Amino acid sequence: MFRTLQNPGTFFPDSFQRIENDNIMNVPFDAATTEIFDQLFALYGTITPSGKVLDLAGRIFEKTRLDPRLLIGQQLTETVFWQSSEQSYRMIADAVEAAGKGIRSNTVLEFRVDKTEKIFLELDLCPVYRPENDERRLTHIFLCGRDVTAREKEIEFYKRRSEQLLYAAESADVGLWFWDLNEGKIFSTPKCNAFFDLSKYDTIRYPDFLETVFPDDRRQLIDVFLESQKNGTEYDVEYRVIHSDGGVEWLSTKGKTYLDADGSPVSMMGIVRRITDRKNADREISRVYELERKARDEAEEANRAKDYFLAFVSHELRSPLNAVLGWTKILLTKQVDEATRRNALETIERSATAQAKLISDLVDSSRIASGKLRLELRPMNLFDALNTVINSQKPLADSRKISLDFDNDSKNIVIFGDLIRIQQVFTNLLTNALKFTPDGGHIRIAMKTGGNEVAVSLRDDGQGISPEALPKIFRQFAQGDQNISRDQNGLGLGLSIVKTLVEKHEGRVTAESDGIGCGACFTVVLPLFKQAPAVSALTEKIAVGKETPLAGLRILLIEDDHDSREVLQLFLEQNGAQVESAESAAGAFAVLENGAGVFDVIVSDLAMPNEDGYSLISRIRSFPTEKGGRIPALALSAFAAKDCRERAFSAGFQKYHTKPFDPDQLIRDILGLIGKQSEV
Ligand code: ADP
């Protein structure tokens with residue numbers, strides 16, 4: 001039951017009655033004081049300096065159902081209220097002991113209401129003094145307690161909640177820090193410390209923290225923090241930190257600054273997460289994206305190049321055809337004088353040759369691109385090869401009054417090469433020089449050996465190459481200076497083929513020019529062959545010699561295309577052969593039926609209607625010798641592919657010659673068929 005103090009009016013020292021020898025005397029409180037105290041405190045009263053209860057009162061005793069008067073004279077610490085825990089007992093005992101020594105205390109401790117209930121009491125113990133002979137004497141201790149259960153429970157609640165939050169943050173791999181800007185202290189979670197490479201419970205200092213930040217990212221981070229502190233705004237920043245082992249981690253920190261009423265920053269907080277994996281993934285994604293973009297660009301570029309190439313090739317292939325068709329039409333329909341006829345035929349021949357060159361450049365380029373270009377390497381004399389090339393171009397140079405000089409320091413220069421391809425290299429370079437040198441110009445070819453190499457340079461005083469075009473001159477489809485070069489036909493493949501062929505011989509080729517109008521110089525450097533054998537025997541003979549190399553040979557020619565058959569027959573006959581021709585396989589069998597024994601060689605096209613050349617030759621091979629079963633045969637085909645060649649050989653041909661036919665080579669091939677050494 002609630003009870004007011006026994007003797008109101010005596011609490012304050014003035015009205016305090018002396019306590020002699022620790023004898024308990026009623027401490028009077030006046031009624032007004034009691035009323036105020038009842039409202040202010042759940043418990044109040046006085047104890048002696050040694051801790052004995054003088055008086056106790058307060059609302060709290062309504063709950064305990066205990067008359068506090070019964071406690072008077074008891075040691076306060078020994079009363080039942082502090083026995084809910086060892087800790088409470090210790091706290092009250094310490095507080096009473098301190099107060100007895102004149103030390104005021106404020107303690108929150110558990111007050112046991114009954115078996116099941118306890119409340120939190122914030123207990124003040126105030127030593128009270130009384131003047132005595134110019135001194136102050138501690139006469140008793142005033143105590144008052146407020147029920148702070150609600151507050152404590154709230155604190156407890158928040159404590160638990162923040163513990164849970166901290167636990168959640170740690171488990172979620174999130175670091176937290178709180179920066180008291182007034183105190184300059186930073187509180188941080190263990191995870192946060194780990195992110196900054198500090199030990200778990202180190203206190204973070206701002207300068208130390210900045211020290212761990214990657215130097216390039218420091219400025220940005222400081223600016224973000226300053227901005228947030230200035231305006232009390234949220235911030236979100238990503239930066240790198242360097243760990244002591246040299247590892248670099250990406251972190252993201254999101255947070256806010258809190259301002260006081262004056263707008264000054266008082267605290268700041270941050271939520272830190274490690275984002276290295278995400279950053280790496282981002283980088284990987286952008287790398288993949290970049291690769292993909294490049295691949296797309298390249299594919300588009302390749303597509304454009306292909307379209308351009310097709311348009312360009314078809315144009316280049318058609319151009320010579322115009323001349324051929326135009327002139328043949330004129331020759332077939334009009335009477336022309338001898339000079340015009342000759343001019344027409346020369347133009348036709350030139351155009352056909354140009355077209356054959358375009359086609360073989362294309363074929364070579366495609367072989368290079370597909371890695372199918374094979375070289376037949378053997379020791380060969382480079383001097384002989386160059387001489388042949390120069391001689392073959394001499395008539396053209398002479399006709400244009402271009403001087404062709406050949407300087408060399410030896411005629412016995414042996415390299416390990418493919419004769420045909422080496423001649424192709426120098427033919428390309430020389431025809432280019434002739435193409436881009438005006439009438440009356442000069443071309444100088446110089447061959448010099450030095451060390452283990454031989455260098456051949458072709459210098460002309462023609463059109464020259466601009467500095468912009470020069471570095472790209474060996475690329476496919478490089479056309480040099482478009483305006484100047486376009487009237488010269490060519491696919492821009494020649495030099496790229498030259499480069500590939502030279503490199504396949506382990507050599508190198510370079511181009512020099514002082515610019516437009518200053519001429520050009522191409523230099524090919526090739527390794528010399530070490531053990532030079534007798535040289536002249538190694539070099540094939542190319543120049544046309546005998547007038548009628550096929551004299552006495554009887555040839556059966558099978559070709560379904562009328563014009564081709566006619567021109568071939570004429571060509572073979574002009575070279576001394578006796579030719580019988582057939583336009584189909586059936587025709588050929590009929591001829592053989594009438595006299596197979598008379599033929600030395602069969603020359604047959606492959607692609608023919610009804611029965612093709614493969615079938616023709618395999619049937620012939622099934623005949624007995626006297627019926628022509630063993631006549632050597634040469635296949636003529638427009639297809640250069642290796643499998644066509646192999647198929648022809650397995651069907652029964654011994655030689656394979658691609659169209660358009662190369663006159664010298666055809667004669668060599670035919671002679672080769674009958675085992676005769678070519679003199680051509
Ligand atoms: P094309 O078969 O079209 O002639 P090339 O690859 O042989 O192609 O040559 C490419 C380009 O290099 C030519 O179009 C020309 O512009 C330039 N070029 C080659 N040789 C010479 C040279 N001797 N003088 C000037 N320009 C040259």
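These figures come from a predicted structure and were not determined experimentally. Note that ligands are numbered from 1 as they come in the structure, with each ligand's atoms numbered from 1 the same way. Position 1 is the first residue of the sequence; numbering continues from there.
Contact atoms of ligand 1 toward A520: 24 (N) (distance under 4.0 Å to a heavy atom of the residue). The G494 neighbourhood of ligand 1 comprises atoms 2 (O), 5 (P), 6 (O), 7 (O), 8 (O), with distances under 4.0 Å to a heavy atom of that residue. Below 4.0 Å from some heavy atom of K435 lie the following atoms of ligand 1, by number and element: 1 (P), 4 (O).
For F571, the ring pair (Phe, Tyr, Trp, His ring centres under 6.0 Å) partners two or more places apart in sequence, or in a different chain, are F661. Scanning for side-chain hydrogen bond (donor to acceptor under 3.5 Å, both in side chains) contacts around R444 gives D407, with sequence neighbours left out.
Surrounding CD of Q335 are at most 12 heavy atoms belonging to other residues, nucleotides or ligands under 6.0 Å away.
Remark: distances from the non-hydrogen atoms of F474 to ligand 1 are all 4.0 Å or more. Residue G464 places a heavy atom under 4.0 Å from ligand 1.
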**Asked** Does the pair V498 and F426 meet the rule for a side-chain contact (heavy atoms from CB on, under 4.5 Å), with working shown?
**Response** CA-CA 8 Å; V498 163; F426 290 107; over 6 Å; no

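In this structure, CZ on F589 lies 5.5 Å from CD1 on I620, to the nearest 0.5 angstrom.
Only the side chain of I465 comes within 4.0 Å of ligand 1, counting heavy atoms alone; its backbone N, CA, C and O stay farther away.
Side-chain N/O atoms of D337 and T340 include a donor and acceptor closer than 3.5 Å.
Any N or O atom pair closer than 3.5 Å counts here, and F436 shares no such pair with ligand 1.
Nearest to atom 23 (N) of ligand 1 by heavy-atom distance, out of D460, I473, L429, is D460.
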